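Inspection log for the structure reproduced underneath, given as structure tokens.
Below, read A as the first sequence line, B as the second, and so on, with proteins coming before strands; counting in each chain starts at 1. Every heavy atom of this structure was used, including side-chain atoms; hydrogens, water molecules and symmetry mates were not. These figures come from a predicted structure and were not determined experimentally.
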Amino acid sequence: MDPKYKPQQIEAKIYKEWEDRNLFKAVVDKGKKPFSIILPPPNANASLHLGHAMYVYEDVMIRYHRLIGDETLWLPGADHAGIETQYVFEKFLQKQGKSRFDYDRETLFKKIWDFVMENRGTMEDQLRRLGFSLDWEKKKFTLDDDIVKVVYRTFKKLADKNLLYRDYKLVNYCTRCGTSFSDLEVVYVEREDPLYYMKYGPFTIATVRPETKFRDTALAVNPKDKRYKKYIGEVIEVQGLLGPIRMTVIPDPEVDPKFGTGIMKVTPAHDPHDFELGKKFDLPVTPIITTSGKMDFSWFLNRKDISEKYRQRANKYHNQKVAVARSMIVEDLKTDGLLIKVDQNYTHRVGTCYRDGRVIEPLPLEQWFIKVKPLVDKAKKLVVDGEIKIYPKRFKKRLIDILDNFIDWNISRQIVWGIRIPAYRCRSTKKWFIETTAPKYCAICGKDDFIQDEDTFDTWFSSAQWPFAVLATQKGNNIKTTDYNNELFNYYYPTTVMETGYDILRAWVSRMIMIGYFATGKPPFKNIFLHGLVRDRFGQKMSKSKGNVINPMAIVDRYGADVLRAALVFGVKEGGDLPFTEDKLIGMRNFCNKVWNIGRFIDMNRGQKTKAKGQKLEILKKLGKEFKEEKKKYLKSMDGYKFSQAFGLVYEFVWHRFADYYLEQLKDDVINGNIKALETLEEVFLENLKMLHPFVPFVTEAIYKVFEKDGRSILQDRL
RNA sequence: GGACCUAUAGCUCAAUGGCAGAGCGCUUCAUUCACAUUGAAGAGGUUAGAGGUUCAAAUCCUCUUAGGUCCACCA
């Protein structure tokens, strides 16, 4: 053995051996307890970031359960990551001077598919380099045909159970991305915008969006506001830039009398609150902004009774981008004497696209929505009753809170890269029908005159089905059955643990519970284990814009996977964020080297067969006793999901008790050929190697190989 | 506005009612012995502050201060 542990020379080789010998392969063994984890599928198209290395906690669990004799399954996969990937691809197109509009739907999809397939291997190789004991034979992709079938079935089932509806509602629309988003994907940012006070008939109103005023359909006041009470129910005529408009004054307790002038203009087509108000008072929804983010005055220009002045104005605004039109309109308001004052320092929060930071435009669109109430109720019951347990416990409250506040889920996305929604519209009746396989005839009228919805599913809609979908679609499984009844599925589902970052509790975990239970009648997992976020050494979140991102592969190159893994576990509180420092890496490197050298010392002295002298039986007994206690504590910590504690325990024992004390005490004896002492040390050491194995698999396997002459892997041994 | 988290050694963090600890850094010493990516010894703490419960509190409760996160949402 080398005096130094050199991970670069052995890691790849060891991983290949594990794979070649099928040591990660999961089977159905009724004599054993199943233990299963589905890997949260990384984006197929992107490299891993440091956060992905946190999946080490899953590997720790899987390897530990294998060591204590369970039958384990860790199933890998890849996510098509809808808008994320399409966005990256569009940037790639941009570099070639092209855009998504240069291709038809099929070509664009095919191009993104090829792009993704080219990059997909990178992510998978990186998972291997981290030493993850994934069952690669079973890997799945969210766009695999059979996964798509499962997703279609769930969609149909939602429709059959009346949990799906199509509605004309305000959605969060990004005019650059060209798609709507669910409300979870809107990022609110604080901004300073001018607040315009404009004359509105007998009133003055304050607004940041003067450009939508043309399609206001009412004015709202607080019913308790004495100033305006008398106007409620009256129809007011307002002189606008395009002539007079008539609108009713309606009561709305949400209006803050202290804001602006206490009067709010109501634009149902472009404001979520106004939209709801509009519903209540039966106001028309009259859009003036298109999905490409431009003003649309065609409703006005089509009129015949308008004066030339107004026509010119409308023509000027028509087809302009919102921001451009706004300044034109403000100018014209000044000209007409309708602008009273401007508050330049008004701060408010604006919804932006989480993807590219553009302002989200609330637009009325027809979309598919899931009625979440019944799903949420079931999910909540599973969590409250403890059928699904959460570690750390404090997230239970958070999850229940999330479930309590879910609103109906918009699952339609107007992008190409995704699973196309299997909904079809009859051309003659305009009615919709849903089929899980491409229909030949219209389910409404029986003719073949129908068209498929152009939209694709929200990525999270397919991700929400991941745990049962990947098990239902394994080779040899018949997914046509309606109850997902097959051997592998029955054995491993519900999966044992869902391990992921707490930051996607809402977007993913809660939805998996809702949809998983709905589709299978069982929770998708029995336990949730949440890890924290990796931060930089100043405690800052890592992000590309801050330039503080760390490439996990660079760490693996320099220190080896074990060191990276250990650094992400050692001294970390469960579910807590952790700063990532070079010091920690050095400490873990030193530890790996220490373990290596303990092995080296024992190995060097194994050949000696001289007879025992100077036996220190009491010390050996003490060592045995201390080890027994250590192991007991270790097992307890591991079973209680206290992985960091367990690792720390072994770290302390191996280095500061075993090496610093026992080995030092027995060193002379061992060198002089005390076989009994050597044997005891070897025995305790090998047990500790196994206990360390889940955390630092490579170095422990490398040492184990030196001692296991028949070529068994440490993975084949039991704790 | 609602909820949650954090505050412990110089720095980064553990410690789940029972002797306040680790890593890195610092001081002194030892040794080239499996490991200098080493070993031994040591300095460094009123556990943010105040009050309470308890035989016993970093830990449980209340309040205060400071920092952070998530959600709701501002026409």
Side-chain angles (χ1 to χ4, degrees), chain A residues 1-5 183-184 186 188 190-191 193 195-196 205-210 212-213 216 219-220 252 254-256 258-267 270-274 277 346-351 392-398 400-402 404-407 502-503 505-506 532-533 535-541 559 563 566-567 570-605 637 640 642 644-645 647-649 651-652 655-656 659-661 663-664 667-668 670-671 681:
Chain A
M1 288 171 84
D2 258 314
K4 272 185 191 154
Y5 171 56
D183 45 301
L184 305 192
V186 179
Y188 287 92
E190 198 139 289
R191 265 199 5 188
D193 279 312
L195 182 67
Y196 303 98
I205 56 142
T207 181
V208 285
R209 305 210 64 179
T212 60
K213 68 174 226 124
D216 293 352
L219 286 169
D252 177 15
E254 303 274 307
V255 172
D256 178 2
K258 288 192 204 90
F259 184 93
T261 54
I263 307 173
M264 185 180 81
K265 68 193 199 72
V266 182
T267 321
H270 297 292
D271 182 278
H273 177 257
D274 294 2
L277 208 58
Y346 172 64
T347 22
H348 65 151
R349 286 160 64 84
V350 180
K393 283 198 205 92
R394 71 187 137 95
F395 285 108
K396 179 170 180 173
K397 204 177 164 188
R398 179 115 149 229
I400 290 170
D401 194 49
I402 284 169
D404 278 339
N405 290 305
F406 244 103
I407 62 165
Y502 68 72
D503 53 328
L505 196 57
R506 174 186 296 266
L533 270 40
R535 295 170 180 275
D536 73 4
R537 66 183 191 282
F538 304 110
Q540 296 274 315
K541 213 168 170 173
Y559 293 102
V563 169
F570 190 79
V572 171
K573 182 154 71 171
E574 53 168 343
D577 292 351
L578 56 141
F580 194 75
T581 60
E582 194 77 14
D583 282 350
K584 188 92 159 275
L585 289 170
I586 290 168
M588 293 304 113
R589 179 199 62 183
N590 295 355
F591 176 65
C592 288
N593 191 56
K594 187 76 189 179
V595 175
W596 174 262
N597 271 290
I598 295 169
R600 182 159 181 254
F601 175 78
I602 296 175
D603 180 51
M604 281 169 83
N605 290 289
S637 295
K642 315 281 183 189
S644 184
Q645 205 172 69
F647 182 45
L649 209 67
Y651 175 98
E652 177 64 21
W655 197 329
H656 300 302
D660 289 351
Y661 179 71
L663 211 64
E664 292 295 335
K667 192 180 242 175
D668 292 340
V670 167
I671 292 166
L681 286 174

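The separation of B:U32 from B:U12, taken at their C1' atoms, amounts to 32 Å, rounded to a whole angstrom.
Residues passing the ring-ring contact (aromatic ring centres under 6.0 Å, His included) test with A:Y196, sequence neighbours excluded: none.
Looking only at distances, a side-chain donor or acceptor of A:R600 sits under 3.5 Å from a matching main-chain atom of A:M1.
In this model, the phosphate group of B:A75 is approached by a side-chain N or O of A:H348 to a distance below 4.0 Å at OP1 or OP2. For A:H273, no side-chain nitrogen or oxygen approaches OP1 or OP2 of B:A72 to under 4.0 Å. Within the 4.0 Å cut-off from OP1 or OP2 of B:G39, at least one side-chain nitrogen or oxygen of A:K594 is found. Neither OP1 nor OP2 of B:A34 sits under 4.0 Å from any side-chain N or O of A:Y5.
When heavy atoms are screened at a 4.0 angstrom cut-off, A:H656 is found touching the sugar-phosphate backbone but no base atom. Within the 4.0 angstrom heavy-atom criterion, no nucleotide atom of any strand lies near A:F591. Within 4.0 Å of A:G260, counting heavy atoms only, lies no atom of the nucleic acid at all. Contacts of A:V208 with the nucleic acid, taken as non-hydrogen atoms under 4.0 Å apart, involve only primed sugar atoms and P, OP1 or OP2. Among the heavy atoms of the strands lying under 4.0 Å from A:D256 is at least one base atom, whether or not backbone atoms are also near. Residue contacts shown for A:D583 are limited to sugar-phosphate atoms, with no base heavy atom under 4.0 Å away. As judged by a 4.0 angstrom heavy-atom cut-off over every strand, A:L663 is placed among the base-contacting residues. Among the heavy atoms of the strands, none lies under 4.0 Å from A:D401. If you check every strand for non-hydrogen atoms under 4.0 Å, A:F647 touches nothing. Backbone-only contact: A:T207 has heavy atoms under 4.0 Å from sugar-phosphate atoms and none from a base.
Closest contact between the side chain of A:K397 and the listed nucleotides B:C4, B:C71, B:A34 involves B:C4. Of the candidate nucleotides B:U37, B:A75, B:C35, B:C35 has the atom nearest to the side chain of A:E664. Here B:C35 is the nucleotide among B:U6, B:C35, B:A75 with the atom lying nearest to any side-chain atom of A:N593. You'll find that the side chain of A:N597 is closest to B:A34, out of B:A72, B:U38, B:A34. Candidate nucleotides B:C13, B:A75, B:U6 were compared by shortest atom distance to the side chain of A:Y346, and B:A75 ranks first.
Between the CZ atom of A:F570 and the C1' atom of B:G23 there is a distance of 6 Å, rounded to whole Å.
The 5' end of RNA chain B is approached more closely, in terms of each residue's nearest nucleotide, by A:K667 than by the other of A:K265 and A:K667. When each of A:K584 and A:A206 is assigned the nucleotide of RNA chain B with its nearest heavy atom, A:K584 is the one assigned upstream, toward the 5' end.
Ring pair A:Y502/A:F395 is parallel by interplanar angle, where below 30° counts as parallel and above 60° as perpendicular. Under the 30°/60° scheme for interplanar angles, the aromatic rings of A:F570 and A:Y651 are found to be tilted.
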> For RNA chain B, what dot-bracket results from Watson-Crick or G-U pairs at under 3.5 Å, with [ ] for crossers and | for inter-strand partners?
Replying inline: (((((((..((((....[..)))).(((((.......))))).....(((((..]....))))))))))))....
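When every heavy atom of A:V563 is checked against every heavy atom of A:C592, the shortest pair comes out as CG2-SG, 4.2 Å.
Between A:K4 and A:D2 there is no salt bridge, since no side-chain N of the basic residue sits under 4.0 Å from a carboxylate O of the acidic one.
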>> Determine whether A:E190 and A:T347 satisfy the following criterion, side-chain hydrogen bond (donor to acceptor under 3.5 Å, both in side chains), listing intermediate values before the conclusion.
In response: CA-CA 7 Å; A:E190 198 139 289; A:T347 22; 5.6 Å; no
